[in-house]
Every structure is written in C-alpha cells, then in structure tokens.
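Whatever order the structure lists ligands and atoms in, that order sets their numbers, starting from 1.
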Amino acid sequence: MAEQEKEAALPQKENFSEWYNDLLQKGEIMDVRYPVKGLYVWYPFGFNIRRNVYNIMRELLDKDHQETLFPLLIPENEFMKEAEHIKGFEDEVYWVTHGGTSPLDVKLALRPTSETAIYPMYKLWVRSHADLPLKLYQIVNTFRYETKHTRPLIRLREITSFKEAHTVHATWEEAAAQVDEAIRIYTEFYRRLAIPVLPSKRPDWDKFPGADYTIATDALMPDGKTLQVGTAHHLGANFAKTFDITYEDVNGEQVYAHQTCYGVSERSIAALISIHGDDKGLVIPPEIAPVQVVIIPIIFKESTDVLHACENVKKELEDAGVRVKIDASEDRPGAKYYKWEMKGVPVRLELGPRDLKNNAAMLVRRDTGEKRQVSLENISGEVLSMFKAVQTSLYEKAKREVEERIFDCSTHDEIRQNITKGIAKVFWCGRKECGLKLEDEVGAGILGIPTGQEPCEGKCITCGADADTQVYVARTY
Ligand code: 5CA
Ligand code: ZN
C-alpha cells in the first residue's frame, strides 16, 4: 500500500456505508477486489480476528456439541426431497452440472445450508433413544446466489464462515428447549464480542423454509438498520419425515425424531467492527484482538535502555498470555499511534526515558483514549485489568445505544418518524394482513416478538383490534 494511501483518514462514521467499506480495506479485514460478485478475500489480519471469534464459538459449543464436517456437494435427489425447503432455496442454489466436459448423471448442488447433506446420514446414525440427543456442528463455506445487493461480510454469495448446528431429539418439547438453548449460546457468544443482541420470534412468513418456527437474534448497526446475526429453527418432525429419521422409543416402537438447526456467519464480524469502530478505525475487544498491546518506545538519543525495558515488558506480558508487539520502526510516534489505532489494538503502552526513571509506563485505552500512568512493578496485572474495563465498557456503551434507539410507537406515522434512528416497538394483532400492510406503509420489516416478553395489552397499530403482543419493527440489512 502506498504511504499516502495508508495515511488517508477514514470517512466519518456518520457516512456509515463509506466508512464501512473503507474500514474493511484500511483495517485490512477484507479485500473486495476479487473478480466475482459477492466473493471477497480475507486479509491475514482479518482472518486472525475471524479465528479468535470462531474460537469463542467453538468453546461455547464444545461443552455439549461435537464438531463434524460434511461434503460441500449435495445430490439433486436429496436436495429436492423437502418441498418447503426447496421452495425457499431454489432461486439461490448454484449447480454443478459437469465433470470436466461430461454432463453429470445427477446434478450436484453447492450447499446453501446443509440439512439435505446431513439428514440422509442422520437417518443411518440415529437408531434408538439412546443415540439422542445428537448435537453436531460444522464451520464451512456455503453458497447462495443472493440477488439483493451483496456486501462484504453481510450479504455474500460465498459465506465463508457458516457455523451450522444440527440437533436431533426425541420429542418436540426437547427440540423447543434446544432452540432456547441455542439463543442463550448466541447471546453469550455476542456478549463476548461486546455486542448486545435482540432475540425475537420471526413472523410465520419469515421463518426458515421447512421450520415450525424461527427465533432470530438481531444487532443494531450504527446507521439504525438491524442485522440478523444468528437464527435458531425448530424443524419439528418435518425433515425427519422426509428423510425418514426415526428411533426406537422405550416401548420398542419406531417414531419420528424432532430436530433443530441454528446458524451464525461472518455477519458476526460485520457487527463487531461496525458497532465498536470509530472515526479512527477498528476498536476490537481484547479477547479478539490479534494484537492486544502495542508497545511504543519513546526514544530520543541514547535508547538502548528504553528498548531493553520494552523487551522486558513484552516478555512479562507474553508470560501472562498477552499478545504483544513492539513497534520499534523508524516512524514518528504519532504515525505509530495512528497505525495501531486503525488496527483496533485495545491498549497502547508508551515507554520513554522519563518513565523508565520512574519505573513506570503510560497505558492508553483505544476505546476511550483514556491515559493512565502505571508502575512497571505489576504491569501484567495493570494491563489485564484494563482489558476487563475495555470489555465491560464496550458492551455497556453498545447496550445503551440499543436501549436509546428503541422507540415505542402507536401510529404508522410515528414509526416513519423514528425508523431511520433505530427500532420501533409496536402492538400487533398477529394477523398476517396487518403485518404486511404495516411493513409496506412504513418501509420497514417486522423482526418479531421479543422472546420472554411480559404479557401486555394494547391496540394493533394497523387495524386497532385488541393485541396482546408487541413486535420490533426495523429497517434491515
Ligand atoms: N440451516 C439454517 C440454520 S444453520 C440456516 O441456514 N439458517 S439461515 O438461513 O437463517 O442462516 C443462518 C445465518 O446465516 C443467518 O441468520 C445470517 O446471520 C447468516 N446469513 C444468511 N445468509 C447470509 C449471506 N448471504 N451472507 C452472510 N450471512 C448470511
Ligand atoms: Zn391488526
């Protein structure tokens, strides 16, 4: 990259789209210049963030799921078995039709999601109630021929980081409990990313093709639109009937199993960088940051002492498990600050001759800019406690932002006035007709009924009939 290009500042975050695209490039997350629409390339720095994020996901799932890996290609006959599922995906599937120059006997679909790859095997694997529950997941690429505007990390034609879990249970109720559990796992996952999410039950017309119902988690983006960053689906016995997944129950009878599936993609990283980033670049929670502390030696003339002290600090931090870099390049300190701020390094440590005399260093927080002089005596303790403070305040700040941007509305006009700022919360009678009319008139979508909503009473915002639930309405990605 040319020096000048590197130095150019980001557009203000208020111009969200421009800011986002620029940040992906300057923060070295994704290169968007790959010559196929909807496909992008991970820079190594972005990929490092991805690895840290998915390690959290693995840690959460590995408690009671097992990781697996299924093939990318799905034979047409399997893919075409579940009617609702086909209807939902047929316009989005890429087909492999040839091997070399010979047409294939059976066309092969590139998985848009893996139900139809996995469930024929589940038919073989599930035999008795002792095999249940079965909870597997994989992290793979999936392909969807998206026709809406594609965007890096947000709407991809090759989703490179699709985490999909597929579970099998004895009863409908157990599957329902697993859907709730999936939403708890996702809420915890996003909390580790310092992102508050809003879980809600999608209206019927927006559920996953082939599911009984869908619960989704949405994150509020800086431009006031929401991004669906995870979904959990109750599949009932719908797929079990199609793929003949049965088990022998305690009475020795063959009965259909009940299933769930739930997924998260690199949209999680889109939300991460969008929600925390600022006009200076990335802001990355410590647990996820590829570089957690950058040490900047402040050198005047005789510098060996300072450099030596920096090496010692680096060693001590590394022994405490911290990912550290010393920037001893020729650049001016200001240029170094700029560079590492763009990269979102959570803590900067400055050390000069005067600090050294006092056996101290200066710590600077990336998220708030706050500076603190600390003793070198217990430097790893100071840094680790600053990490905690950063993590907490990133989450709290994002949470306040969401709370301030949910608006109770009682007319379509009121929704229209508030919807560019965030999310509207409104009473809805539950009738599809009213829901669709609402969406049409305000130019936004119903996300769904918040999970765990207290019973409430009001009038449907569209028809005025009695309503006992409120729903979120938002402009969505
Ligand atoms: N089989 C189910 C559960 S794994 C499934 O495919 N669900 S999904 O269609 O809702 O996708 C799961 C999640 O992937 C979505 O909630 C969304 O966050 C993400 N996602 C869906 N399509 C795309 C896309 N084109 N680009 C990036 N992320 C996507
Ligand atoms: Zn109504």
Ion pair present between Arg157 and Glu92, side-chain N to carboxylate O less than 4.0 angstrom?
-> no
Starting from atom 11 (O) of ligand 1, find the nearest protein heavy-atom neighbour and note its residue, name and distance.
-> Phe162 CE1, 3.7 Å
Just which atoms of ligand 1 are under 4.0 Å from any heavy atom in Cys261?
-> 1 (N), 2 (C), 3 (C)
Within 45° of the six-membered ring axis of Phe143 and under 6.0 Å from that ring's centre, is NZ or CZ of Arg111 located there?
-> no
Assess Arg155 against Tyr477: is NZ or CZ under 6.0 Å from the centre of the six-membered ring, and within 45 degrees of the ring's axis?
-> no
Are Lys343 and Glu28 within salt-bridge range, i.e. N to O under 4.0 Å?
-> yes
Of all protein heavy atoms, the one nearest atom 5 (C) of ligand 1 is Phe208 CE1, 3.4 Å
Atoms of ligand 1 under 4.0 Å from any heavy atom of Arg155, numbered from 1 in the order shown, are 26 (N)
Cation-pi check, Lys280 to Tyr338: give yes when NZ or CZ is under 6.0 Å from the six-membered ring centre and within 45° of the ring axis, no otherwise.
-> no
Proximity winner for atom 28 (N) of ligand 1, if only heavy atoms of Pro112, Ser265, Ala182, Gly38 are counted = Ser265
Under 3.5 Å between some N or O of ligand 1 and some N or O of Lys163?
-> no
State the atoms of ligand 1, each with its element, that fall below the 4.0 Å cut-off from a heavy-atom position in Glu146.
-> 22 (N), 24 (C), 25 (N)
Checking salt bridge (Lys or Arg N to Asp or Glu O under 4.0 Å) for the pair Glu404/Arg400: CA distance, chi angles, key distance, verdict?
-> CA-CA 6 Å; Glu404 283 164 9; Arg400 271 198 308 279; 5.0 Å; no
Of the protein's non-hydrogen atoms, which lies at the shortest distance from atom 27 (C) of ligand 1, and what is that distance?
-> Ile154 O, 3.2 Å
What atoms of ligand 1 come within less than 4.0 Å of a heavy atom belonging to Ile159?
-> 22 (N), 23 (C), 24 (C), 25 (N), 26 (N), 29 (C)
Does an N or O from Leu156, backbone or side chain, lie closer than 3.5 Å to an N or O of ligand 1?
-> yes
Numbered atoms and elements of ligand 1 in range of Tyr262, under 4.0 angstrom, heavy atoms | 3 (C), 4 (S)
Which ligand 1 atoms are under 4.0 Å away from a heavy-atom of Gly230?
-> 16 (O), 18 (O)
Mind checking whether Gln228 has an N or O less than 3.5 Å away from an N or O of ligand 1?
-> yes
Cationic N near anionic O, under 4.0 Å, Arg202 to Asp218 | yes
Evaluation steps, ring pair (Phe, Tyr, Trp, His ring centres under 6.0 Å), between Phe239 and His85 | CA-CA 9 Å; Phe239 284 86; His85 192 69; 5.3 Å; yes
Lys13 and Asp278 ion-paired at < 4.0 Å = no
List every atom of ligand 1 that sits less than 4.0 Å from any heavy atom of Val229, numbering the atoms from 1 in the order shown and giving each element.
-> 18 (O)
Are any of the side-chain nitrogens in Asp204 or Lys432 under 4.0 Å away from the carboxylate oxygens of its partner?
-> no
Salt-bridged, Glu67 to Arg58, with N to O below 4.0 Å?
-> yes
How many protein N, O or S atoms sit closer than 2.8 Å to the Zn ion (ligand 2)?
-> 4
Before accepting this row, confirm whether a basic side-chain N of the pair Glu433/Arg431 lies closer than 4.0 Å to the acidic partner's carboxylate O.
-> yes
Should you measure from each heavy atom of Thr231, which atoms of ligand 1 turn up under 4.0 Å away?
-> 7 (N), 8 (S), 10 (O), 11 (O), 12 (C), 13 (C), 15 (C), 16 (O)
Check the pair Arg192 / Glu287 against salt bridge (Lys or Arg N to Asp or Glu O under 4.0 Å), numbers first and verdict last.
-> CA-CA 8 Å; Arg192 298 270 285 272; Glu287 190 178 4; 2.8 Å; yes
Who's closest to atom 6 (O) of ligand 1 heavy-atom-wise, of Glu164, Arg144, Glu115, His233?
-> Arg144
What do you reckon, does Thr214 put a non-hydrogen atom under 4.0 Å from ligand 1?
-> no
Is Asp413 salt-bridged to Arg416, cutoff N-O under 4.0 Å?
-> yes
